[in-house]
Amino acid sequence: QVQLVESGGGLVLPGESLRLSCSVSGRISDYDAIGWFRQAPGKEREGIACIESRTDDAYSVGPASGRFSVSRDSDKRTVYLQMTKLKPDDTGVYYCATLPVALCSPISVTTVPGFTSWGQGTQVTVSS
């Protein structure tokens, strides 16, 4: 059973960079993926990036896709979200989660209730 813990959030100035970490424990199948999601107050949670466990192919989607990228340590136990040129509308709670590899794609990152395991989230605030 997979456990996920996010870290690295905080307060950052517009235009700065921040790297979030997702610590992964438990068994990860080659057919699983790790995704990054975010949620701002009053908005739906959105998938923003993911990485496949088998191949390390990684994708970023949505408005921040040109500024965010996802990567992983060689032991595949820590997944990173590198965020650059941060904007105030990037503010929100950021989560990592497991998802079926078929739902990690260049066009969308989505979850399946009953399959997905979530971390508790880490707050990112972009403000001057």
Side-chain angles (χ1 to χ4, degrees):
Q1 201 275 327
V2 177
Q3 300 288 331
L4 306 170
V5 179
E6 302 93 339
S7 62
L11 177 64
V12 64
L13 294 170
E16 295 292 330
S17 298
L18 194 66
R19 188 177 73 166
L20 306 182
S21 298
C22 174
S23 178
V24 181
S25 62
R27 186 178 184 273
I28 299 293
S29 169
D30 285 345
Y31 297 96
D32 293 339
I34 301 294
W36 283 98
F37 299 77
R38 68 181 182 184
Q39 187 170 24
K43 295 185 177 181
E44 297 293 320
R45 188 175 298 184
E46 61 174 335
I48 56 175
C50 60
I51 186 166
E52 298 181 11
S53 295
R54 182 179 66 86
T55 65
D56 279 352
D57 288 346
Y59 311 106
S60 296
V61 301
S65 61
R67 299 181 290 112
F68 292 5
S69 63
V70 63
S71 62
R72 172 155 48 194
D73 279 349
S74 60
D75 65 3
K76 300 188 176 184
R77 293 299 176 178
T78 305
V79 178
Y80 303 101
L81 181 69
Q82 180 67 50
M83 306 183 292
T84 63
K85 301 178 181 178
L86 285 162
K87 303 176 180 180
D89 59 4
D90 293 321
T91 294
V93 180
Y94 284 69
Y95 303 87
C96 58
T98 58
L99 62 153
V101 68
L103 300 184
C104 171
S105 81
I107 59 173
S108 68
V109 179
T110 57
T111 62
V112 178
F115 181 96
T116 299
S117 295
W118 293 95
Q120 294 301 306
T122 185
Q123 176 72 41
V124 174
T125 302
V126 185
S127 180
S128 60

Let me confirm one number: the [atom1]-[atom2] distance from [X] to [Y], rounded to the nearest 0.5 Å.
{"X": "Q3", "Y": "S25", "atom1": "CD", "atom2": "OG", "answer": "5.5 Å"}
{"X": "E52", "Y": "L99", "atom1": "CD", "atom2": "CG", "answer": "9.5 Å"}
{"X": "T84", "Y": "L18", "atom1": "OG1", "atom2": "CG", "answer": "11.0 Å"}

Hey, is [atom1] on [X] packed in by over 12 heavy atoms from elsewhere, all under 6.0 Å?
{"X": "I107", "atom1": "CD1", "answer": "no"}
{"X": "R77", "atom1": "CZ", "answer": "yes"}
{"X": "K87", "atom1": "NZ", "answer": "no"}

Between Y95 and W118, what is the ring plane arrangement, given parallel below 30°, perpendicular above 60°, and tilted in between? perpendicular

Apply the test side chain to side chain contact (heavy atoms under 4.5 Å, CB included) to residues L11 and S127: give CA-CA distance (whole Å), side-chain angles for both, the deciding distance (0.1 Å), then the verdict. CA-CA 7 Å; L11 177 64; S127 180; 4.1 Å; yes

Given side chains that start at C-beta, do those of [X] and [Y] come closer than 4.5 Å, heavy atoms only?
{"X": "V24", "Y": "R72", "answer": "no"}
{"X": "I51", "Y": "D56", "answer": "yes"}
{"X": "V126", "Y": "P14", "answer": "yes"}
{"X": "D32", "Y": "T98", "answer": "no"}

Run the salt-bridge test on D90 and R38 with the 4.0 Å N-O cut-off and return the result as yes or no. yes

Step-by-step side chain to side chain contact (heavy atoms under 4.5 Å, CB included) determination, C22 to L4: CA-CA 6 Å; C22 174; L4 306 170; 4.0 Å; yes

Pick one: which of S71, S60, S17 meets side-chain contact (heavy atoms from CB on, under 4.5 Å) with Q82? S17

Apply the side-chain contact (heavy atoms from CB on, under 4.5 Å) test between V124 and each candidate in V93, L20, L81; give the one that qualifies. L20

Check the pair V79, V70 against side chain to side chain contact (heavy atoms under 4.5 Å, CB included), reporting the backbone distance first and the verdict last. CA-CA 7 Å; V79 178; V70 63; 3.6 Å; yes

For T125 and T91, indicate whether the former's side chain and the latter's backbone hold a donor-acceptor pair under 3.5 Å. no

